[in-house]
Amino acid sequence: MTHDALSRPTVHALLADGTTVCIRQTRPGDHDQLRGFYEEMSPENLRLRFFGISRRAGEMAAERACASPHPGYRALIAETLGRIVGLAEYDTSGTGTEADISIAVADGLHHRGVGTLLVEHLVSAARAEGITMFTADALSENREVLQLFADLGLRTVRRFEGPETRCTLALDESEGYLSATEERGRAADVASLEPLLRPDAVAVVGAGRKPGSVGRAVLHHLRSGGFTRRLFAVNPAATSILGVLAYPSVAALPRIPDLVVVAVPAAAVPATAEECGKAGVRALLVITAGLDADHARELMALCWTYGMRLVGPNCLGVSNTDPALSLDATFAADHPSPGTAGVAVQSGGVGIALLDGMSRLGIGVSSFVSLGDKFDVSGNDMLQWWESDGRTDLALLHLESFGNPRAFSRTARRVTRRMPVLTVDAGRTDAGRRAAASHTAAAATRTMTRGALFTQAGITATRSVGELLEAAALLHAQPLPAGSRVAILTNAGGAGVLAADACAEAGLNLPAPTPQLIDDLLAVLPEGAAAGNPVDATAAVTEEQLAHCVDRIMRHNGFNAVLVALVPTAVAEATGDDLVRALTRAPARRTKPIAVVRLEQALPVELLATTDGGAIPSYAEPQAAARALAHAARRAAWIARPVGTVPALDDVDTDRAHAVVEAYLDAHPDGGWLDPRGCAELLGCYGIPLSPWAWAETEDDAVLAADRLRGADGRVVMKGHWPGLLHKSVEHAIHLDLRGDSQIRAAFRDLETRFAGRLTGVVLQPLADRGTELFAGVVQDEVFGPLVLFGLGGTATEILADHAARLAPLTDDDVHDLITSPRCAPLLFGADGARSVDLEGLEQVLLRLSRMASDLPQLAEADFNPVLATPGRVTVLDARVRLLPRRPQDPYLRRLR
């Protein structure tokens, strides 16, 4: 692979203090500035870098870095506002897989993460070139650079050689390295959001003197919300707006604001952003909508150049309800209530609905960000902020797009173990999205891909804003259930039936109470009560009886949650309010969740205050309560599972796989489908078991091949092939159960006649044994990465659509979920007394398919159908693989979008 092919575009990334630097390759025009970079270094810094004080060493280093590119060498610089502040290089010196590295950082910029960030980018580039190890020499007294290497998270070995230390760093992508990089990114991200969400000074540009402008509305909200820090308006035609001092420009402000709210016409946004950048503003909130592509590119370039974080454009605003700040830079109708829920949305309308819902429930909001068109600040940023802010215990997201789903997934997996993360799965009905490419592409809808992301990350995905609020109420107010077994208690039989139906439809279990529990319940309930599940306490139940009944069910080990369905009646002395009071008094001893259904309730969900300061969620519909309990049960199960690991695989030849792919793409620059021989070779690189096969291009060759392949019963299968053929059964390009030479010749002539001009040859295989026909495949999504699908196979795979999906790389837990999720799963585990299939072999096929997709970004899709599973083995009977010319991308490399 050539050096030019690996050249990478300019990227921007965050330093440890939240400021932004540009990372790019050196160019010949950098020579003079690089020479100056070394000339400005202190003698001590030069000595530590070059093991002596020599200005000539700096000149030579500048010449080397700016020379014409050559294989095995790469130099990256970090710059801010056009000034070079760091340089890092590696050189293999012809060794191929091992490179020496060196780092230099400008005086005054040490301890800000410049060198670490450059090394991370060097590591990513080196891996793409097949380099597996870095070596570096440093003076033993150079503690800073030695600590840099130690903190990277790479496996590092030190060898002391007199006054020098030689460090060897293995470049494998270990979990330790990813975690260390992730932690550095989290700290930098949170620091960069401080000016946005904890500003000491805010200015609003575009606040008009007359009512009606959005800028004026935001200024009013900031002032009326009690913002505790400095507040300014920018308007050249006014000296005061709404009692806030106004100035003619950002440059004229008495101090540099941390955050500037931009509410000017779209065409004026870039100029305003440039003025802010030159003044030293750290964050922009662009309310303005309607930026065209040129204005959008210019805005983003200016934010990167001047190191400003950006929310928007086309957004509702941001809020931080911390009483020490009281920041409400939105134009929503009301101020958000202070609380503990973090909210981030792309849709302003959804944001208003969630703010209203959180306030109505009494949960309130810790911080709110309307992401709008999401040019910069994203849901991933907000998750990391909430993880660190010390106030948030519930995260609500509404995301219509994902910039880096794999980085988002890693962040969400970590955050979700600390707090519930809920989302509205927006845009589910990508109707008609059916690729004609393969079974895999046809099955892999965007809905399925997002679902895999949410499931693997432990995110609670709901189908509407209402359902999100229902789940949020229960997850906020109640403990998680230890399972999905629910007891229903009601004072009206009909309400109990509705609740039972709702629980069953939500996937909850309704076990029967034990005889002992039945006796205990009947002992405290009115005459005529029925102690099944549901427990019908009858309309005559009193407050005291209901409380005793709930307590007994709570203590019983056979149930994980209680759903109480109440209707107001005039039979008992207890009113509806009395019965509710029976649930809300003295609940501190309860360790299981309880949910209430009140069919007469006006609001879809409320939180009923308990006597110990807690709350119980109350729903107007049993379906809502059941959905919320089901979400809680799934969250509990996800948290209880150990963190999955990606198993190591034997007999994988990644180098040979890359060679197969590159050879094909050299011959087919636009990509395409591998022929049977190419497919077999690629599967062989990953140890994926393929049924014995032979290729024939003539009738006589087909006869000879069949003779070699015939099993004990002598039967073979013949499959026609030509470039672009995908569904052989649809094209009737397959002959089954062929016996003897005459049938082989007749089948070949039939295919040759019907597909004259297209047929390039045939594949012959032994007729497979009986077994369960399955389907496995992968699609490389340009945004989400590789998605692995599994389910029932054969000719009806698309019609039955019995598929599950997970994003690669698959962990051992992901593989278990893939195998157990489809409806056909009982067939694999030995339904009706049959023997189970080779489950270990099936797991290996999926893990190896995942590894292949993760190793090869050029693998656009792979389609294994059928995969024959028997008790003795798992074999791929037919495989198709499509390749496209794609460059590898490092999804975990720290960079701004």
Side-chain angles (χ1 to χ4, degrees), residues 316 332-334 336-337 339-366 368-371 379 393-400 416 419-429 447 450-451 454-455 459-478 480-481 486 495 498-499 501-508 561 563-566 593-608 615-635:
L316 182 66
D334 301 305
S337 299
T340 60
V343 179
V345 297
Q346 282 190 255
S347 163
V350 172
I352 290 172
L354 290 178
L355 288 176
D356 177 70
M358 290 293 102
S359 297
R360 177 169 47 78
L361 286 169
I363 298 173
V365 172
S366 59
F368 165 79
V369 176
S370 170
L371 301 168
D393 60 17
L394 181 69
L396 309 182
L397 298 172
H398 172 263
L399 303 176
E400 296 167 354
T416 304
M419 70 178 75
V421 178
L422 296 87
T423 188
V424 178
D425 188 7
R428 297 185 306 276
T429 58
T447 300
R450 282 198 313 271
F454 296 149
T455 298
I459 294 172
T460 300
T462 65
R463 299 173 65 86
S464 67
V465 171
E467 184 181 342
L468 185 146
L469 293 172
E470 296 160 4
L474 190 137
L475 291 172
H476 171 78
Q478 293 289 300
L480 291 175
V486 177
L498 292 174
D501 287 342
C503 288
E505 290 165 355
L508 299 169
L563 191 157
V564 182
L566 299 175
I594 183 169
V596 180
V597 174
R598 295 185 295 165
L599 297 178
E600 82 285 2
Q601 182 173 296
L603 294 173
V605 57
E606 298 178 13
L607 282 177
L608 308 175
I616 294 176
S618 176
Y619 302 91
E621 292 285 345
Q623 290 84 354
R627 282 193 300 263
L629 286 170
H631 284 307
R634 283 191 288 270
R635 170 165 169 73

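Keep in mind that this is a model prediction, so the values were computed, not measured. Note: hydrogens, waters and symmetry copies are ignored here, and every other heavy atom, side chains too, is used.
Across every non-hydrogen atom of Arg598 and Ser618, the tightest pair is NE-OG, 2.9 Å. What you find for Ala477 and Leu607 is that their closest heavy atoms are CB-CD2, 3.8 Å. Contact between Ile363 and Ala472 at its shortest, heavy atoms only, is CD1-O, 4.2 Å. The two residues Ala626 and Ala506 have their closest heavy-atom pair at O-CB, 3.8 Å. Leu316 and Ser370 make their closest contact through N-OG, 2.8 Å (heavy atoms, listed as atom of the first residue, atom of the second, distance).
Checked against side chain to side chain contact (heavy atoms under 4.5 Å, CB included), Leu468 has the following partners two or more places apart in sequence or in another chain: Leu354, Leu396, Leu422, Val424, Thr462. In this view, Thr340 and Asp393 satisfy the side-chain hydrogen bond (donor to acceptor under 3.5 Å, both in side chains) rule, not counting sequence neighbours. A search for side-chain hydrogen bond (donor to acceptor under 3.5 Å, both in side chains) contacts involving Ser366 returns Thr392, not counting sequence neighbours. Considering only residues two or more places apart in sequence or on other chains, Thr455 meets the side-chain hydrogen bond (donor to acceptor under 3.5 Å, both in side chains) condition with none of them. Residues passing the salt bridge (Lys or Arg N to Asp or Glu O under 4.0 Å) test with Glu467: none are found, sequence neighbours excluded. Residues passing the side chain to side chain contact (heavy atoms under 4.5 Å, CB included) test with Ala461, sequence neighbours excluded: Thr423, Phe454. Taking Ala620 as the reference, Gln601 meet the side chain to side chain contact (heavy atoms under 4.5 Å, CB included) condition, with sequence neighbours excluded. With sequence neighbours left out, the side-chain hydrogen bond (donor to acceptor under 3.5 Å, both in side chains) criterion links Thr416 to no other residue. Residues forming a side chain to side chain contact (heavy atoms under 4.5 Å, CB included) with Ser337 (at least two apart in sequence, or on another chain): Ser359.
Side-chain contact annotation: Thr460 with Arg635, donor-acceptor N/O pair under 3.5 Å absent.
Between Gln478 and Pro617, the closest side-chain pair of non-hydrogen atoms falls below 4.5 Å. Inter-residue side-chain proximity for Leu397 and Val345 is flagged as unmet; no heavy-atom pair is nearer than 4.5 Å. Annotation: side chain of Val343 is not in contact with side chain of Val369 (no heavy-atom distance under 4.5 Å). In this structure the side chain of Leu563 never reaches within 4.5 angstrom of the side chain of Val596, judged on heavy atoms.
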Inset, instruction - Starting from the C-alpha separation in whole Å, work towards a yes-or-no answer on side-chain contact (heavy atoms from CB on, under 4.5 Å) for Val597 and Leu566. - result: CA-CA 6 Å; Val597 174; Leu566 299 175; over 6 Å; no
Inset, instruction - Take Asp425 and Arg463 through the salt bridge (charged side-chain N to carboxylate O under 4.0 Å, His left out) test and state the conclusion after the steps. - result: CA-CA 6 Å; Asp425 188 7; Arg463 299 173 65 86; over 6 Å; no
Legend entry - Leu394 and Met419: CA distance, side-chain angles, deciding distance, side-chain contact (heavy atoms from CB on, under 4.5 Å) verdict: CA-CA 6 Å; Leu394 181 69; Met419 70 178 75; 5.9 Å; no
Inset, instruction - List the steps, then state whether side-chain contact (heavy atoms from CB on, under 4.5 Å) holds for Val465 with Val350. - result: CA-CA 7 Å; Val465 171; Val350 172; 4.0 Å; yes
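The line from CG of Leu498 to CD of Gln623 is 7.0 Å long, rounded to the nearest 0.5 Å. The CG atom of Leu355 sits 9.5 Å away from atom CG of Asp334, with the distance rounded to the nearest 0.5 Å. To the nearest 0.5 Å, atoms CG (Leu469) and NE2 (His476) are separated by 12.5 Å.
Electrostatic pairing of Glu606 and Arg360 does not count as a salt bridge here, judged by no charged N lying under 4.0 Å from a carboxylate O.
Gln346 contributes a side-chain N or O that, together with a main-chain N or O of Glu400, makes up a donor-acceptor pair within less than 3.5 Å. With hydrogens and angles disregarded, a donor-acceptor distance shorter than 3.5 Å links the side chain of Tyr619 to the backbone of Glu470.
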